[in-house]
Amino acid sequence: MKLCMIGTGYVGLVSGVCFADLGNDVTCVDKDISKINNLKKSIIPIYEPGLDELVKKNYKAGRLKFSTNIGESVKKSDIIFICVGTPTKRNSYEADLSQVFTVAKEISKNIKSFKIIINKSTVPVLTGDKVEKIIAKKVKKKLFSVVSNPEFLREGEAIRDFIYPDRVVIGTSNKSSNKKLKNLYSPLISKGAKYINTSRRAAELIKYASNAFLATKVTFINEIANLCEKLDINIEDVSIGIGTDKRIGGRFLRAGPAYGGSCFPKDTRALIDTAKKTKTSLSVINTVINSNEKRSEILLKRINKILNNKIKNKKITFLGVTFKANTDDMRESACLKMIPYLNNKGAKIKYYDPTGQKNEFRKLKNVQYKNNIKHACEKSDLIIIHTEWNEFKFLDLKKIVKKKNFILYDMRNIYSPDKMKKQNIKYFGIGR
Ligand code: UGA
């Protein structure tokens, strides 16, 4: 099939490349000329394991093209995916849909034959209706159908999540569009993905409700972890104990720092905004947002306690600063609150991240990037494991750290407290 992905950010690029790998003819479009020129040279704008190889392979095979010309790309495609950003508006919980609507207008100028237009961007309920209205101003209704097809890719696991999704959600009441899309996704359905056809509005809500539910799970286990710390219970036991109940499920029950990233914080807020507009109370999600916003304060208090209320002049190392492992994404990372706070209190901070130095900390005095674990840790009083990269999982800290009584605060619970005790390492985890 001939596909066009408008927006070569995370969603558009990963989905476009994976669709090309399934044998489709895909054009990835972006208005950013340098991004497109780079992609033609296989220079990838985001960090995602495995993506560069897939881009090279499919570009070379001619199934994957890159273009800045939205009009031409729309004209030659059967299915057009809108994959532009929907950030939160400033000082508000509302999603900014301006890019979606601009693209819809552009698409409407270039429809000469039947097109399926898909909202793959995360958009609030009713956005499909609005996109349809915009296009209908220029194009006869029988020449297009607007469908919602949310994505459920996780950063760092996106290619695997694309190839082996739990489900494919298609929101449309148009039978022929549904048939074509079922056919497009048939290679994934045959590998076990459940195909779910719903109304367009339901598909839009499924995306938000999924992220809000997962954010709730993470927040729930983080709060239970707080209780475990008070009662000398290991949160890992509780996570396994409740997660083996199939009604609950074991995933997303790893306690840690505040959840972050480009999706959970943005999407929970946008859902609250939708609820407000429809005068509906979503008190659970409101509480999740508030609890998550306070999470870094709780962890900072614990750091203070671990250091006997003496943060000033302490040498603190952060291993990993992105919002989670296997991504270079700093958006809403818990570190963005914790590092400036500790810096303000007079700590001397070094950090190492496998994805390199971060602009967010460049201006902070006494926050230094080190390009390897040894240099980041050797003089440290306190080492904080903030993300769970594999390279942090088997550290011989006794060898690396020159300070005698250094402390390890493992915010992802990747080390065994017993093993740390045997090695005489002063160890703190989350919820244990
Ligand atoms: C999330 C969803 O998992 C994807 O299904 C969705 O497609 C995506 O948002 C999106 O809307 O685009 P992502 O933001 O990449 O994916 O990251 P997750 O792996 O879901 O992690 C989100 C946050 O929760 C991270 O800060 C992570 O550290 C935290 N988390 C996750 C935990 O603290 N504990 C867990 O058990 C799981």
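When a ligand or atom number is given, it counts from 1 through the structure's own listing order.
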K.L.:
Can E388 and K393 be counted as an ion pair, charged N to O under 4.0 angstrom?
P.N.:
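So E388 does not pair with K393 through a salt bridge.
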K.L.:
Name the orientation class of the two ring planes belonging to Y185 and F162 (parallel below 30°, tilted from 30 to 60°, perpendicular beyond 60°).
P.N.:
tilted
K.L.:
Nearest to atom 3 (O) of ligand 1, what protein heavy atom do you find, and at what distance?
P.N.:
R154 CG, 3.3 Å
K.L.:
In terms of side-chain geometry, is the basic nitrogen of K120 or E151 positioned less than 4.0 Å from the acidic oxygen of its partner?
P.N.:
no
K.L.:
So C377 and T317, side chain to side chain contact (heavy atoms under 4.5 Å, CB included) or not? Walk me through it.
P.N.:
CA-CA 6 Å; C377 295; T317 300; 3.9 Å; yes
K.L.:
If the threshold is 4.0 Å, N to carboxylate O, is there a salt bridge linking K35 and D30?
P.N.:
yes
K.L.:
Based purely on interatomic distance, does Y259 place a nitrogen or oxygen under 3.5 Å from a nitrogen or oxygen of ligand 1?
P.N.:
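No, since none of the N or O atoms of Y259 sits under 3.5 Å from an N or O of ligand 1.
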K.L.:
Is it true that H386 lies under 4.0 Å from ligand 1, counting heavy atoms only?
P.N.:
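Contact check H386 vs ligand 1: negative.
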K.L.:
Would you check whether N211 has a nitrogen or oxygen atom less than 3.5 angstrom from a nitrogen or oxygen atom of ligand 1?
P.N.:
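Yes; the residue has a nitrogen or oxygen that sits under 3.5 Å from a nitrogen or oxygen of the ligand.
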K.L.:
Looking only at distance, does F323 have an N or O less than 3.5 Å from an N or O of ligand 1?
P.N.:
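Yes, F323 has an N/O under 3.5 Å of an N/O on ligand 1.
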K.L.:
Check this for me - ligand 1, R254, N or O atoms closer than 3.5 angstrom, yes or no?
P.N.:
yes
K.L.:
Less than 4.0 Å between a side-chain N and a carboxylate O, is that true for D161 and R154?
P.N.:
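A salt bridge links R154 with D161.
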K.L.:
When you measure from atom 10 (C) of ligand 1 to every protein heavy atom, which one gives the shortest distance, and what is it?
P.N.:
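Checking every protein heavy atom, the shortest distance to atom 10 (C) of ligand 1 gives C263 SG, 2.8 Å.
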K.L.:
Determine, using ring centers only, whether F19 and F81 are less than 6.0 Å apart.
P.N.:
yes
K.L.:
Checking contacts here: is it the side chain or the backbone of E332 that comes within 4.0 Å of ligand 1, counting heavy atoms only? Could be both or neither.
P.N.:
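Answer for E332: neither.
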K.L.:
When only distance counts, is G260 in polar contact with ligand 1, meaning an N/O pair under 3.5 Å?
P.N.:
yes
K.L.:
When you check the gap from the basic side-chain N to the acidic O, do E332 and R295 get nearer than 4.0 Å?
P.N.:
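Looking at R295 together with E332, the answer is no, because their closest N to O distance does not fall below 4.0 Å.
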K.L.:
Going by heavy-atom distance to atom 28 (O) of ligand 1, choose the closest among M411, E388, R412.
P.N.:
R412
K.L.:
With atoms numbered from 1 as shown, which atoms in ligand 1 lie under 4.0 angstrom from a non-hydrogen atom of E155?
P.N.:
15 (O)
K.L.:
Does R432 pair with D237 as a salt bridge, N-O distance under 4.0 Å?
P.N.:
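Salt bridge flag = no for D237 with R432.
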K.L.:
Compare T219, V218, V11, L153 and give the one whose heavy atom is closest to atom 33 (O) of ligand 1.
P.N.:
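Result: the heavy atom closest to atom 33 (O) of ligand 1 is in V218.
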K.L.:
Does any N or O of ligand 1 fall below 3.5 Å from an N or O anywhere on R251, backbone included?
P.N.:
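Among all N and O atoms of R251, none is under 3.5 Å from an N or O of ligand 1.
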K.L.:
Given that the side chain starts at C-beta and the backbone is N, CA, C, O, which of these parts of K207 lies under 4.0 Å from ligand 1, counting heavy atoms, or is it both or neither?
P.N.:
side chain
K.L.:
Just which atoms of ligand 1 are under 4.0 Å from any heavy atom in D267?
P.N.:
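Listed by number with element, the hits are 11 (O).
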K.L.:
Please determine if K350 forms a cation-pi arrangement with Y369, meaning its NZ or CZ atom is less than 6.0 Å from the six-membered ring centre and no more than 45° off the ring axis.
P.N.:
no
K.L.:
Starting from atom 37 (C) of ligand 1, locate the nearest protein heavy atom and write down its residue, its atom name and how far away it is, to 0.1 Å.
P.N.:
F252 CD2, 3.3 Å
K.L.:
So is K324 polar-close to ligand 1, meaning N/O to N/O under 3.5 Å?
P.N.:
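N/O-N/O distance under 3.5 Å: yes.
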K.L.:
Answer yes or no: is there an ion pair linking K276 with E94, defined by an N-O contact shorter than 4.0 Å?
P.N.:
no
K.L.:
If the cut-off is 4.0 Å to any non-hydrogen atom of F152, which atoms of ligand 1 fall inside it?
P.N.:
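Contacts of ligand 1 toward F152, numbered from 1: 4 (C), 5 (O), 6 (C), 7 (O).
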K.L.:
Which protein non-hydrogen atom lies closest to atom 1 (C) of ligand 1, naming both residue and atom, and how far is it?
P.N.:
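Sorting protein heavy atoms by distance from atom 1 (C) of ligand 1 puts F264 CE1, 3.5 Å first.
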K.L.:
Test F318 against Y352 for ring-ring contact (aromatic ring centres under 6.0 Å, His included), laying out the working first.
P.N.:
CA-CA 6 Å; F318 274 79; Y352 163 75; over 10 Å; no
